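Only a predicted model underlies this, so the values are computations on that prediction, with no experimental measurement involved. In the text below, chain A, chain B and the rest are named by the order of the sequence lines, each starting its count at 1.
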Amino acid sequence: NAGVTQTPKFRVLKTGQSMTLLCAQDMNHEYMYWYRQDPGMGLRLIHYSVGEGTTAKGEVPDGYNVSRLKKQNFLLGLESAAPSQTSVYFCASSKLAGVSYEQYFGPGTRLTVT
Amino acid sequence: RKEVEQDPGPFNVPEGATVAFNCTYSNSASQSFFWYRQDCRKEPKLLMSVYSSGNEDGRFTAQLNRASQYISLLIRDSKLSDSATYLCVVPSSGSARQLTFGSGTQLTVLP
């Protein structure tokens with residue numbers, strides 16, 4: 001049981017390049033989330049998904065797109081990377097129901113845009 | 001008022017000390033609260049959940065004051081391994097079980 005995994009772990013892009021970050025979870029969770037974390041700003045929600053085939057915008061969606069074609073995978077795309085997108089990106093998942101709102105996080109992707 | 005506010009620290013305490021962090025939140029409708037721990041360059045992990053007035057787990061105690069809208073985390077008998085950043089987390093006012101994360105309080109336990 002790997003939990004939440006993310007690929008790649010590190011990436012350096014040049015301004016204008018594109019890339020896709022992959023998140024996978026094996027806990028059969030309905031909800032999945034993409035966050036970015038910048039120094040002194042905490043985790044900010046980019047996009048989220050409440051189930052296969054559905055996505056929604058979070059707090060900072062501009063410059064990103066997402067897709068959830070399979071329940072276990074949540075992809076984050078950067079079509080034209082900008083230096084402002086240099087950050088650490090975390091994916092998380094959580095259950096559909098229950099008392100706990102616990103989110104389980106992947107190990108993160110460190111992205112630098114030059 | 002920010003949704004979640006924390007004192008960023010850093011808190012530098014000697015081993016064995018007791019240390020407390022506070023967090024204030026703005027959404028008075030929130031019913032559950034969380035403390036996450038984040039080690040340097042690692043992902044956040046759930047430390048404690050708080051659903052009523054408080055919760056205790058070994059050396060860690062979380063307390064909730066709904067009237068004043070603040071949550072606290074108390075760590076007794078600090079260990080070197082407690083050094084980390086502690087994130088105060090509150091459910092967002094939206095749906096989909098979204099969470100709002102504080103920017104974290106950094107703790108360093110010194111030998």
Side-chain angles (χ1 to χ4, degrees), chain A residues 2-6 9-10 23 25 27 29-51 54-61 66 68 74 87-112, chain B residues 1-10 21-27 29-53 55 57 62 64 71 84-106:
Chain A
V4 181
T5 57
Q6 292 182 235
K9 288 187 169 51
F10 304 93
C23 175
Q25 53 96 4
M27 296 175 284
H29 285 169
E30 288 291 338
Y31 295 154
M32 295 187 76
Y33 313 84
W34 275 108
Y35 295 91
R36 59 178 289 172
Q37 187 174 37
D38 302 294
M41 299 196 71
L43 287 155
R44 292 184 292 169
L45 183 64
I46 304 171
H47 285 281
Y48 63 95
S49 169
V50 300
T54 69
T55 63
K57 294 180 180 179
E59 179 187 355
V60 288
V66 287
R68 185 121 179 251
F74 195 28
S87 189
V88 181
Y89 292 86
F90 288 104
C91 175
S93 69
S94 72
K95 297 177 188 176
L96 172 64
V99 176
S100 175
Y101 274 42
E102 180 176 4
Q103 291 184 11
Y104 297 80
F105 284 81
T109 295
R110 296 185 178 279
L111 175 65
T112 301
Chain B
R1 185 179 189 180
K2 284 186 181 178
E3 284 198 63
V4 181
E5 285 197 81
Q6 293 182 251
D7 180 345
F21 311 134
N22 288 329
C23 164
T24 58
Y25 62 94
S26 61
N27 183 6
S30 296
Q31 295 296 311
S32 53
F33 307 85
F34 311 93
W35 284 99
Y36 274 68
R37 171 192 169 127
Q38 186 172 24
D39 292 297
C40 187
R41 302 176 76 82
K42 299 282 190 180
E43 72 272 24
K45 293 183 179 177
L46 181 67
L47 177 67
M48 296 186 76
S49 304
V50 187
Y51 298 108
S52 57
S53 61
N55 190 13
D57 183 5
L64 167 64
I71 316 150
T85 296
Y86 292 84
L87 309 176
C88 176
V89 185
V90 178
S92 301
S93 51
S95 60
R97 304 171 80 86
Q98 294 171 54
L99 299 175
T100 298
F101 290 77
S103 54
T105 299
Q106 185 180 343

For this session: Nearest 0.5 Å please: distance from the CD atom of B:Q98 over to the OG atom of A:S94.
Result: 10.0 Å
Exercise. Rounded to the nearest 0.5 Å, how far apart are CZ of A:F105 and NZ of B:K42?
Worked result: 15.5 Å
Exercise. Does A:R110 have any salt bridge (charged side-chain N to carboxylate O under 4.0 Å, His left out) partners at least two apart in sequence or in another chain, and if so, which?
Worked result: none
Exercise. Non-hydrogen atoms of chain B under 4.5 Å away: do they reach the side chain of A:L43, the backbone, both or neither?
Worked result: both
Exercise. Which bit of B:P8 is near chain A, if near means a heavy-atom gap under 4.5 Å: side chain, backbone, both or neither?
Worked result: neither
Exercise. For the candidates B:S103, B:P44, B:G104, which exhibits the highest count of non-hydrogen atom pairs separated by less than 4.5 Å from chain A?
Worked result: B:P44
Exercise. Got a second to check how far B:L99's CG is from A:Y35's OH, nearest 0.5 Å?
Worked result: 5.0 Å
Problem set entry | Top contributor to chain B contacts, counting heavy-atom pairs under 4.5 Å, from A:G108, A:P39, A:G106 | A:G106
Exercise. Under a 4.5 Å heavy-atom cut-off, does chain B meet the side chain of A:Y104, its backbone, both or neither?
Worked result: neither
Problem set entry | side-chain hydrogen bond (donor to acceptor under 3.5 Å, both in side chains) partners of B:T105, counting only residues at least two apart | B:Q6
For this session: Using distance alone, with no hydrogens and no angle criterion, decide if B:Q38 and A:Q37 have a side-chain donor and acceptor under 3.5 Å apart.
Result: yes
For this session: With side-chain contact (heavy atoms from CB on, under 4.5 Å) as the test, would you mind laying out the steps for B:F34 and A:Q103 before giving the verdict?
Result: CA-CA 10 Å; B:F34 311 93; A:Q103 291 184 11; over 6 Å; no
